[in-house]
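The chains referred to below are lettered A, B, ... by the order of the sequence lines, with proteins before strands, and numbering in each begins at 1.
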Amino acid sequence: MLDAKLIRANLAEVEAALSKRNVTGVLDKFISLDESRREILVEVEELKKFRNASSQEVGKLKKAGEDPTLLMEKVREIGQEIKELDDKLKLIEASLEEILLTLPNLPHSSVPIGEDEKSNKEIRKWGNITDFDFEPLAHWDIGTNLDILDFERAAELSGARFTVYKYAGARLERAVINFYLDVHTEKHGYKEILPPFMVNGDCMIGTGQLPKFAEDMFKLEGRDMYLIPTAEVPLTNLYRGEILDQADLPMYLTAYTPCFRAEAGSHGRDTRGIIRQHQFNKVELVKLTEPETSYEELEKLTSDAERVLQLLNLPYRVVLLSSGDMGFSAAKTYDLEVWMPSYNDYKEISSCSNCEDFQARRANIRYRPTPKDRPRYVHTLNGSGVAIGRTVAAILENYQQADGSVIIPEVLRPYMGGIEIIKKTNK
RNA sequence: GGAGAGAUGGCCGAGUUGGUCGAAGGCGCUCGACUCGAAAUCGAGUAGGCGGCUAAUCCCCGUCUCGUGAGUUCGAAUCUCACUCUCUCCGCCA
């Protein structure tokens, strides 16, 4: 959520920044509503001031044994007036809130301007594109041939965009989860959390999924309860409504969770394999920081995510998203894209963002710099560290052998119970 | 799911015959005194949102907030209703 005072004071700048995100022409209404809000507010507060003083006067009169009836009647009339103005205010404030909650974050000055992903900027590449002396298969074929991924039975159980992992496939998924959590907790200083996989609507508003993107999520029928689309939601909302001590910052959190996405707008994209699923696993990284350090922390968070791909020896590149391609809550985002032979291209496997105070304002997460200071909003950052399913897909494709087997990357072997290679016989 | 109890400031905890209650007291924290320094002790201060004023995120003023929302009243932390959550007991259950 943008700061209403900032919009008021820097209308032209905010308008320009929003246009970089392809959002135009909403601020006029905001400004006029905001003006009438303050006008009415001043008026109603004046009346309340009178009411408060008069009510005390009534008390005094009664105590003194005098008749306060006249004053009481007058205040009653004013009470009616107050009520009408308050109702009016409530309507205006609801409209203002609606506008504020649907405005995206403003892009950081270092973000390339552009309408879509065509304006994204490659920052760096790591590793060499995997070279095959045979025709490599796509992970869905590899997985099906090895009988470690079962799409048909998943469809029987749940429908399209679900996968059953079997045998060494299930083990591999779990190995990657544990490996990632261990790296981030032991090497990068993140504290491990295991949050609920269902959260209420306030959380969804806090991180920016609601009110705008309701159709992308799974909601429990008849309840104010949603399946989380990412662990970013429970992790960032963990301290919703709280004032943290400065000593608590920066706070590094990590969690493994499944993620649930309806992805209403994605029909026809990545229909095969485990790239785009209604349920997938992810290890997430979240940071709460002071505003002054959040961009340093974004660089560190991104390199923490990169580190696990390096350890797996998977080739990837880092892309700086353009203003038009960024997510709703982000001020700046780096995507990590892993090399996928089946796409003959890099494919997103992590998205690392600094949301600055955008989510903190929505979720009301603050900290007190010193005991004397007023609370300030923290900056929130999040990044996949990294997506598990896409990691498994990348491993299958990049580590496949001519005979259809898949070699397990060194670092995962301790997590695989001694399995070094997945062959067809391995069940 | 059934029965009961409760939700107050960073924390604990008073306040429920409605009237200087945004709220006693304690703890914590900040500043000061004492001290070579510290502890102990003493003194002072210490909620947040919104708005007005303003160069100002300093003051000052107003207003709102005692789980959330609505209501009664001249006036509500205190009364009424609904909801949410927590705790205890029972039932069910991984």
- prompt: Could you give all pairs that pass the side-chain hydrogen bond (donor to acceptor under 3.5 Å, both in side chains) test and reach residues 406-416 of chain A, with sequence neighbours left out?
  reply: Asp182(A)-Tyr415(A)
- prompt: With rounding to whole Å, what would you report as the distance between A40(B) and A33(B) at their C1' atoms?
  reply: 14 Å
G1(B) versus G91(B) - spacing of their C1' atoms, nearest Å: 8 Å
First encountered from the 5' end of RNA chain B, between Arg366(A) and Gly79(A): Arg366(A)
query: Checking all strands, does Val42(A) fall into the base, sugar-phosphate, or nothing category for heavy-atom contacts under 4.0 angstrom?
result: sugar-phosphate
- prompt: Mind checking whether Val378(A) and Thr289(A) have side chains closer than 4.5 Å, heavy atoms only?
  reply: no
query: Touch check for Asp245(A), heavy atoms < 4.0 angstrom, all strands: base, sugar-phosphate only, or nothing?
result: nothing
query: So what does the secondary structure string of RNA chain B come out as, 5' to 3', with Watson-Crick or wobble pairs under 3.5 angstrom, [ ] for crossing and | for pairs with another strand?
result: ((((((((.[[[..)...(.....]]]((((((.......))))))((((((.......)))))).[[[[[..)....]]]]])))))))....
- prompt: Under a 4.5 Å cut-off applied to non-hydrogen side-chain atoms, are Met204(A) and Pro229(A) in contact?
  reply: yes
statement: Contacted region of RNA chain B by chain A, from 5' end to 3' end of the hits, cut-off under 4.0 Å to heavy atoms, spans G19(B) to G75(B)
message: Suppose you measure atom C1' in U20(B) against the same atom in G75(B); what distance do you get, rounded to whole Å?
response: 13 Å
task: Keeping to residues at least two apart or across chains, list the side-chain hydrogen bond (donor to acceptor under 3.5 Å, both in side chains) pairs with something in residues 153-165 of chain A.
output: Asp150(A)-Arg153(A), Thr163(A)-Gln277(A), Tyr165(A)-Glu173(A)
- request: Using the C1' atom on both, measure A23(B) against U8(B) and round to a whole Å.
  value: 8 Å
message: Would you measure the distance from the P atom in G67(B) across to the matching atom in C61(B) and give it in whole Å?
response: 27 Å
task: Specify the residues of residues 201-211 of chain A, ordered by number, for which at least one heavy atom lies under 4.0 angstrom from an atom of RNA chain B.
output: none
query: Do Tyr252(A) and Lys300(A) meet the criterion of a side-chain donor-acceptor pair at a distance under 3.5 Å?
result: yes
message: Can you check the distance between U30(B) and A47(B), where both ends of the measurement are the C1' atom (answer in whole Å)?
response: 15 Å
field: Any side-chain heavy-atom pair of Lys29(A) and Asp34(A) under 4.5 Å
entry: no
message: Using a strict threshold of under 4.0 Å (side-chain N to carboxylate O), is an ion pair present between Asp147(A) and Lys424(A)?
response: no
- prompt: Does a side-chain N-to-carboxylate-O contact under 4.0 Å join Glu306(A) and Arg124(A)?
  reply: yes
message: Taking any heavy-atom pair under 4.0 Å as a contact, classify Arg376(A): base, sugar-phosphate, or nothing.
response: nothing
- request: For Pro68(A), report the nucleic acid contact type (base, sugar-phosphate, nothing); a contact means any heavy atom under 4.0 Å.
  value: nothing
query: Which pairs with one or both residues in residues 349-371 of chain A pass side-chain hydrogen bond (donor to acceptor under 3.5 Å, both in side chains), sequence neighbours excluded?
result: Glu232(A)-Gln359(A), Glu290(A)-Tyr367(A), Ser294(A)-Asn354(A), Tyr295(A)-Glu356(A), Thr333(A)-Ser353(A), Asp335(A)-Ser351(A), Asp357(A)-Arg361(A), Gln359(A)-Thr380(A), Asn364(A)-Arg366(A), Tyr367(A)-Arg376(A), Thr370(A)-Asp373(A)
query: What does Leu71(A) touch in the nucleic acid at a heavy-atom separation under 4.0 angstrom: a base, only the sugar-phosphate, or nothing?
result: nothing
- prompt: Got Asn281(A) and Pro258(A) here, is their nearest side-chain heavy-atom distance under 4.5 Å?
  reply: yes
- request: Please measure how far the C1' atom in G69(B) lies from the corresponding atom in A14(B), and state the result in whole Å.
  value: 27 Å
message: Considering every strand and a 4.0 Å limit on heavy-atom distances, what is the contact class for Lys62(A): base, sugar-phosphate, or nothing?
response: base
query: Heavy-atom distance under 4.5 Å between the side chains of Phe358(A) and Phe328(A), does that happen here?
result: yes
field: Salt bridge flag under 4.0 Å for residues Asp270(A) and Lys347(A)
entry: yes
- prompt: Which whole number of Å gives the distance between the P atom of A77(B) and that of G18(B)?
  reply: 13 Å
field: Given RNA chain B, 5'-ward residue of the pair Gly59(A) and Asp373(A), judged by closest heavy atom
entry: Gly59(A)
